[in-house]
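Basis for what follows: all heavy atoms, side chains included, without hydrogens, waters or symmetry-related copies. We name chains A, B, ... by the order of the sequence lines, and we start the count at 1 in each one.
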Amino acid sequence: MADIQKLEALVTQVRRDILRQVHKVNSGHPGGSLGCAEFFVALYQEVMDRKEGFNMDGIGEDLFFLSNGHISPVFYSVLARSGYFPVDELNTFRLLDSRLQGHPTTHEGLPGVRIASGSLGQGLSVALGAAEAKKLNNCNYTVYSLHGDGELQEGQNWEAIMYASANKIDNIIATIDLNGQQIDGSTDDVLAMGSMRAKFEAFGWIVIDIKEGNNIAAILKGLDEAKNHTGNGKPVCVLMHTVMGNGVDFMMHTHAWHGKAPNDEQLATGLAQNPETIGDY
Amino acid sequence: MKIYENTGSKDTRSGFGAGLEELGKSNEHVVALCADLTGSLKMDAFKANHPERFFQVGIAEANMIGLAAGMTIGGKIPFTGTFANFSTGRVYDQIRQSVAYSGKNVKICASHAGLTLGEDGATHQILEDIGLMKMLPGMTVINTCDYNQTKAATIAIADHDGPVYLRFGRPKVANFTPADQDFQIGKAVQLQEGNDVTIVATGHLVWEALEAAKTLQDAGISAEVINIHTIKPLDEEAIITSVKKTGCIVTAEEHNFLGGLGESVSRTLSMNHPTPQEFVATQDTFGESGTPAQLMEKYGLNAAAIVNASKKAVSRK
């Protein structure tokens with residue numbers, strides 16, 4: 001049984017990590033990162049069956065692929081706090097010679113990252129390839145992936161979505177971060193995509209909703225349900241309804257903080273709303 | 001002068017198919033992906049004999065590249081197959097981010113490259129792919145000249161750890177390199193020894209270069225012919241050594257002169273041993289419909305064009 005209180009404490013710490021990373025270099029993407037803090041903590045601390053250390057091939061463990069690479073601050077924070085690399089390294093985010101590039105990459109050998117992402121729409125294909133490799137290897141583990149909702153405007157996703165059901169890839173759980181925002185405004189204003197559930201179902205996927213995507217218990221329940229649907233000949237999609245900027249009141253419910261860093265005063269406000277729990281890096 | 005015999009014209013893509021099928025038997029890690037062109041890419045044998053390792057992705061090349069990148073995670077060696085145009089220009093960003101920058105062991109195998117695709121016309125005749133691919137850091141770029149070499153290269157690249165672009169073509173062309181050749185990535189093959197001009201050719205232009213050398217000999221010009229199957233990494237030493245002897249060079253390729261083999265050679269020589277150079281290549285143009293032979297004639301990519309370029313290069317010494 002998951003210790004929800006402990007996970008929530010980690011979420012608060014991850015929010016601090018996100019704010020401090022982007023503030024230090026005055027760049028990066030805090031909004032989407034904050035909206036997915038609970039998801040990452042749930043995934044890495046409770047859901048995924050992970051091995052100690054890092055091996056690129058990921059044999060005998062669950063895998064995760066981040067497709068919307070711009071939310072690297074939350075990815076880096078949770079990877080570090082799950083033991084993939086020293087937490088102190090978060091200090092190097094986006095700095096010259098860092099392994100923590102603006103968008104995640106394998107190029108600098110950062111443990112925990114298996115593919116570069118940033119140019120959007122490519123992650124699902126990669127995750128499906130890894131899922132196919134697992135099947136060939138008789139490796140009975142699950143591949144998880146995360147995608148932005150705006151990102152689904154990229155056509156390659158729909159090639160991949162079509163491929164997955166046609167080929168009965170049932171060891172994938174693709175989560176869509178439905179925060180309804182993208183750089184230029186709300187997804188409905190920029191390019192309305194209609195019902196995501198109807199689209200995925202029409203493409204032959206099993207669709208799970210997590211209505212409270214910023215609630216750890218709800219995420220655990222939803223991902224558990226998703227896991228129960230794997231192995232049944234169909235790919236599984238999780239529609240995770242989140243609030244962009246969650247946990248920092250002035251960053252919530254707006255696209256304004258998609259790719260903007262807080263100033264000193266805003267950082268102080270944000271940190272005050274998220275008191276230190278397990279310790280700053 | 002060495003005599004090279006055409007042992008029977010074959011298409012280079014069939015060499016790829018044969019090499020892939022051999023890999024299917026010899027290397028369990030090799031998987032193949034195809035975007036609805038299994039017959040054209042000659043991947044039928046692999047598909048029939050190793051169905052569990054063959055992935056039909058449909059007309060969805062971007063997804064194919066991503067799938068291939070993902071399959072390397074878990075130790076597979078994916079070979080993707082489609083036309084050169086759809087293997088490169090259509091999916092450049094996918095190759096750049098998910099394969100090259102991510103350092104994935106994907107073999108991008110591209111048929112129907114260049115003008116010799118023929119009647120389908122310019123939409124399908126990519127003449128920019130060598131340039132696109134050689135600009136990607138870490139990418140190996142190979143353009144083979146005949147059936148035997150394409151088969152040997154296909155087998156060899158499975159043992160190379162890193163992304164590779166393997167370019168070949170549609171038409172039946174002379175098959176003249178040894179069936180048992182030891183294909184070494186990045187190693188030029190000297191086909192004729194000569195003193196007056198160096199001809200460095202790749203792909204379908206290699207046979208044309210050998211034909212040109214015969215004509216040049218009759219005209220009293222001794223041509224050294226080098227088969228550069230690997231454009232990146234380029235065998236710079238072989239080129240520099242040859243031009244130190246001959247004093248001029250012709251590069252020949254079925255590709256735009258911008259961004260192709262010629263420019264790589266030019267850079268090498270300008271930095272190490274400045275040498276008069278002539279380019280046999282397309283002149284910053286698209287192709288058009290026609291038979292392969294008609295197109296190679298019209299766009300100046302045959303033995304006659306190499307002869308003329310060689311004479312011009314010699315005159316510039």
Exercise for the section: Report yes if the distance between the aromatic ring centroids of B:His112 and B:Phe168 is under 6.0 Å, otherwise no. Expected result: no

Practice task
Could you check B:Asp11, B:Asn143, B:Thr12, B:Thr144 and say which one makes a side chain to side chain donor-acceptor pair (under 3.5 Å) with B:Thr150?
Solution key: B:Thr144

Handout entry: Contacting region of B:Val31 [heavy-atom separation from chain A under 4.5 Å]
Key = side chain

Exercise for the section: State whether A:Asp170 and A:Lys168 are salt-bridged, where the test is any N-O pair (Lys NZ or Arg NE/NH1/NH2 against Asp/Glu carboxylate O) under 4.0 Å. Expected result: no

Handout entry: Structural part of A:Ala160 lying under 4.5 Å from a heavy atom of chain B
Key = both

Handout entry: chain B contact via A:Leu124 - side chain, backbone, both or neither, heavy atoms under 4.5 Å
Key = neither

Problem - Among A:Asn157, A:Leu63, A:Ile59, A:Asn137, residue most engaged with chain B (heavy-atom pairs, under 4.5 Å) - result: A:Asn137

Practice task
Report the option among B:Gly75, B:Ser98, B:Ala69 that has the most heavy-atom pairs separated by less than 4.5 Å from atoms of chain A.
Solution key: B:Ser98

Fill in the blank from the handout: Interface check, chain B: of A:Arg114, A:Gln122, A:His103, most non-hydrogen pairs under 4.5 Å belong to A:Gln122

Problem - Top contributor to chain B contacts, counting heavy-atom pairs under 4.5 Å, from A:Gln156, A:Lys134, A:Met162 - result: A:Gln156

Exercise for the section: Go through the steps for B:Asn49 and B:Lys47 under the test side chain to side chain donor-acceptor pair (under 3.5 Å), then give the verdict. Expected result: CA-CA 6 Å; B:Asn49 298 329; B:Lys47 180 185 175 183; over 6 Å; no

Handout entry: NZ/NE/NH1/NH2 to OD/OE distance under 4.0 Å, B:Arg267 and B:Glu236
Key = yes

Handout entry: Which atoms of A:Leu128 approach chain B - backbone, side chain, both or neither, heavy atom under 4.5 Å
Key = both

Practice task
For the pair B:Glu119 and B:Arg170, find out whether any cationic side-chain nitrogen is under 4.0 Å from an anionic carboxylate oxygen.
Solution key: yes

